[in-house]
Amino acid sequence: TNENWRTKSPYFDTEAEADAWIQTKLNVLEQCAMPVASVAGGEYETAQSVVLTTTTASAKIKYTTDGTTPSATNGTEYKSAISVTANTGIRAVAVKDGAETSSVMVEEYFITTA
């Protein structure tokens, strides 16, 4: 591994610890990656099963279907695929302690029965 960071900051055991310290001192935090839906919003003739993911390690996803903006304190924690059986909007964010909440993902689903 590249250990050049140690020459600049010998007080930390890992680069991650040094990064966290710098981000705190500069009041700059990593922002979580916005969640992505496995099924893009749009019009569908059948119910859809929507899986939400984020590339931010250890981040939790919070989502809403009532039109409100999800946050660390608002919404449902994502645990498994969301079954969309009627017209529904899904809004989701990734949250993680020590990081900024992601931008809001918005996908709108319109289920039409044939």
Side-chain angles (χ1 to χ4, degrees):
T1 63
N2 183 347
E3 300 252 344
N4 289 339
W5 64 271
R6 280 187 177 275
T7 61
K8 297 176 186 161
S9 180
Y11 303 107
F12 301 98
D13 292 329
T14 67
E15 185 173 5
E17 287 178 7
D19 262 357
W21 181 82
I22 290 168
Q23 289 173 10
T24 300
K25 286 296 183 188
L26 296 177
N27 201 23
V28 176
L29 299 175
E30 163 197 18
Q31 183 175 26
C32 294
M34 184 172 67
V36 174
S38 62
V39 178
E43 189 172 312
Y44 297 93
E45 292 182 4
T46 59
Q48 298 297 305
S49 181
V50 180
V51 175
L52 301 178
T53 58
T54 180
T55 57
T56 302
S58 302
K60 294 179 182 179
I61 296 174
K62 297 285 289 256
Y63 73 94
T64 62
T65 57
D66 63 2
T68 61
T69 301
S71 67
T73 58
N74 182 51
T76 302
E77 184 175 340
Y78 176 80
K79 298 280 187 185
S80 62
I82 303 165
S83 180
V84 178
T85 59
N87 295 347
T88 304
I90 298 176
R91 289 168 172 67
V93 293
V95 296
K96 179 180 172 180
D97 287 342
E100 283 189 40
T101 299
S102 72
S103 298
V104 180
M105 177 212 82
V106 178
E107 296 288 352
E108 300 284 338
Y109 300 91
F110 301 94
I111 308 299
T112 61
T113 52

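Rounding to the nearest 0.5 Å gives a distance of 9.5 Å between CD of Glu100 and CD of Glu30.
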Under 3.5 Å, side-chain donor or acceptor atoms of residues 79-92 against the rest of the protein: list the pairs with distances, not counting sequence neighbours.
from	atom 1	to	atom 2	distance (Å)
Lys79	NZ	Glu77	OE2	3.4
Asn87	OD1	Ile111	N	2.9
Thr88	OG1	Ala86	O	2.8

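Applying the side-chain hydrogen bond (donor to acceptor under 3.5 Å, both in side chains) criterion to Thr76, with sequence neighbours excluded, gives no partner residue. With sequence neighbours excluded, the residues forming a side chain to side chain contact (heavy atoms under 4.5 Å, CB included) with Ser103 are Gln31, Met34, listed by chain and number. Residues passing the side chain to side chain contact (heavy atoms under 4.5 Å, CB included) test with Thr53 are Val36, Val51, sequence neighbours excluded. Scored by the side chain to side chain contact (heavy atoms under 4.5 Å, CB included) test, Ala37 finds Val50, Leu52, Met105, Glu107, Tyr109 as partners (sequence neighbours excluded). When the side chain to side chain contact (heavy atoms under 4.5 Å, CB included) test is applied to Ser71, the partners found at least two apart in sequence or on another chain are Thr73, Asn74.
Sorted pairs that involve residues 62-74 and meet salt bridge (Lys or Arg N to Asp or Glu O under 4.0 Å), not counting sequence neighbours, are lacking altogether.
Shortest non-hydrogen contact noted between Ser38 and Ser49 is OG-O, 3.9 Å. Ser102 approaches Pro35 most closely through the heavy-atom pair OG-CD, 3.5 Å. Heavy atoms only, all atoms of each residue included: Gly75 and Thr64 are closest at CA-CG2, 3.7 Å.
If you chain together ILVMFWY residues whose side-chain heavy atoms come under 4.5 Å of each other, Val93 ends up grouped with Val95, Val104, Val106.
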